[in-house]
Amino acid sequence: MDKLAENTFIGHLLELRRRVLFAVIAIFVGFLISYPFSKTIYNILAAPLIDILPKGSHLIYTSLPEVFLTYVQLSLLSGFILALPVVLYQFWAFIAPGLYEHERKAFFPLIFASIFLFVGGMLFAYFIVFPNAFRFFVSFSGGDITAMPKVDSYLSLIIKFSLAFGLAFQIPILIIVLVRVGVLQVATLQHGRRYAFLICAIASALLSPPDVLSMVMLLIPMYMLFELGLFFAARLPGPRPAEEDPADSDIAQPSHSMDEMDVAGERSENKDSDTPGS
């Protein structure tokens, strides 16, 4: 038994390594595809800031490899986004064999829904949050203060908050999964809306740029996504009870038969002892 368990554990590790290798290869291929367009990607990402910079202000870099490393980081991020369907499929292919049929049917659509929500969160940050946040920050320039953002600092800000918004938009998926596996109950979430709002407020304060407007602009969609996840979770079937193992039933039946045989034997012995001349 120990040998079989060890072989099964090693088999799972080998399968995990294979899936991770495929995911890394997909990201690397995405990186190779994205790098020739890294400058174009950077110009697109820099547009929300460039459009509102005062006249005479522009992005600068203060070390020689800074722009090159910026393009490499952008290509890696773009490669990861391009490879995201492959990465999620490898994750699904690793966990699917351990799920029941009804669990596979329930969770498979969520894998691809998470892609659209992640990209949707990044697009929301790019088109809605960043222009307003950058306009607020640039408003402090003027007179003796000139806005000259660094290339790598701006890229780090963009990547950090784009990923944060993409992850924040996974709230409906998280709620549906937790309810589906039985970790949380819909009634508990419905009665705990005030706490959910508080958690969303704290998360938006930590994930958004450090200004009140950006925090509010993240808080509102986060709580709306919470309600959306709660809406769909309430209409999904609950977790199914564990099915009885047929092997357990087969084992249990002989025990009842043995009890019946023991009772019959005792009755026979009592009958023989009551018979005269025995």
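One distance of note links CZ of Phe232 with CD of Glu227; it measures 12.5 Å at 0.5 Å rounding. The structure places CG of Leu117 at 9.5 Å from CG of Leu110, a figure rounded to the nearest 0.5 Å. We find the CD1-CZ distance between Ile173 and Phe118 to be 13.0 Å, quoted to the nearest 0.5 Å. For the atom pair Asn43 CG and Ser38 OG, the distance stands at 9.5 Å (nearest 0.5 Å). Once rounded to the nearest 0.5 Å, the distance linking CG of Leu74 with CD1 of Ile44 reads 10.5 Å. From Met215, atom CE reaches atom CE of Met222 across 11.5 Å, with rounding to the nearest 0.5 Å.
The aromatic rings of Phe137 and Phe134 lie tilted to each other, with the angle between the two planes from 30° to 60°. Classification of the Phe165-Phe124 ring pair by plane angle, with boundaries at 30° and 60°, yields tilted. Classified by interplanar angle (parallel below 30°, tilted 30° to 60°, perpendicular above 60°), the ring pair Phe68/Tyr35 is perpendicular.
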Evaluation steps, side-chain contact (heavy atoms from CB on, under 4.5 Å), between Phe136 and Asn132 = CA-CA 6 Å; Phe136 172 77; Asn132 293 281; over 6 Å; no
Pair Phe140-Ile145, side-chain contact (heavy atoms from CB on, under 4.5 Å): steps then yes or no | CA-CA 8 Å; Phe140 292 97; Ile145 303 175; over 6 Å; no
Between Ile199 and Phe226, is a side-chain contact (heavy atoms from CB on, under 4.5 Å) present by the stated rule, with each step listed?
-> CA-CA 11 Å; Ile199 293 174; Phe226 168 79; over 6 Å; no
Between Val86 and Ile25, does a side-chain contact (heavy atoms from CB on, under 4.5 Å) hold up when you go through it step by step?
-> CA-CA 10 Å; Val86 178; Ile25 292 174; over 6 Å; no
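Residues Glu66 and Val151 approach most closely at OE2-N, 3.5 Å, considering heavy atoms. Annotation for Ser204 and Ala201: closest pair OG-O, 2.8 Å, computed over non-hydrogen atoms. The nearest pair of heavy atoms linking Val138 to Pro54 is CG1-CD, 3.5 Å. When all heavy atoms of Pro221 and Phe169 are compared, the closest pair comes out as CB-CZ, 4.2 Å. Heavy atoms only, all atoms of each residue included: Ser214 and Ala133 are closest at OG-CB, 3.2 Å.
Crowding of Tyr223 atom OH: a count of heavy atoms from other residues, nucleotides or ligands under 6.0 Å exceeding 12. Atom OH of Tyr126 sits in a crowded spot, with more than 12 heavy atoms from other residues, nucleotides or ligands closer than 6.0 Å. When the shell of 6.0 Å around CG of Leu13 is examined, it contains more than 12 heavy atoms from other residues, nucleotides or ligands. With a 6.0 Å radius and a threshold of 12 heavy atoms from other residues, nucleotides or ligands, Met224 has its CE atom at or below the threshold.
The shortest side-chain heavy-atom distance between Ile115 and Phe112 falls under the 4.5 Å cut-off. Counting heavy atoms from C-beta outward, Asp152 and Leu69 have side chains that stay 4.5 Å or more apart. Leu225 places a side-chain heavy atom less than 4.5 Å from the side chain of Leu228. Side-chain contact between Ile27 and Phe31 is absent, with no heavy atoms from C-beta onward closer than 4.5 Å. Considering only heavy atoms from C-beta on, Tyr71 stays 4.5 Å or farther from Ile41 through its side chain. Looking only at side-chain heavy atoms (C-beta outward), Leu82 and Ser34 come within less than 4.5 Å of each other. Between Leu218 and Val129, the closest side-chain pair of non-hydrogen atoms is not below 4.5 Å. Contact check for Leu59 versus Tyr42: side-chain heavy atoms found under the 4.5 Å cut-off.
A continuous path of hydrophobic side-chain contacts links Val20 to Leu88 [ILVMFWY only; heavy atoms under 4.5 Å]. Hydrophobic clustering of Ile, Leu, Val, Met, Phe, Trp and Tyr side chains at less than 4.5 Å, counting indirect connections, unites Phe130 with Val119. Cluster annotation: Ile202 and Phe161 are assigned to distinct hydrophobic clusters (Ile/Leu/Val/Met/Phe/Trp/Tyr, side-chain heavy-atom contacts under 4.5 Å, transitive). Cluster membership for Leu45 and Ile60, using ILVMFWY side-chain heavy atoms within less than 4.5 angstrom, is not shared. There is a path of hydrophobic side-chain contacts, each under 4.5 Å, that joins Val67 to Val72.
Checking side-chain atoms of Ser141 against main-chain N and O of Thr146 turns up no donor-acceptor pair under 3.5 Å. At distances below 3.5 Å, not a single donor-acceptor pair connects side-chain atoms of Ser153 with backbone N or O atoms of Lys150. Checked by atom type and distance alone, the side chain of Ser162 never pairs as donor or acceptor with a backbone atom of Ile159 at under 3.5 Å. Remark: the backbone N or O of Ser114 is paired with a side-chain donor or acceptor of Gln170 at under 3.5 angstrom.
Annotation: cation-pi pair Arg235/Phe231 present, NZ/CZ under 6.0 Å from the ring centroid and within 45° of its normal.
Between Phe91 and Phe94, the distance separating the two ring centers is not shorter than 6.0 angstrom.
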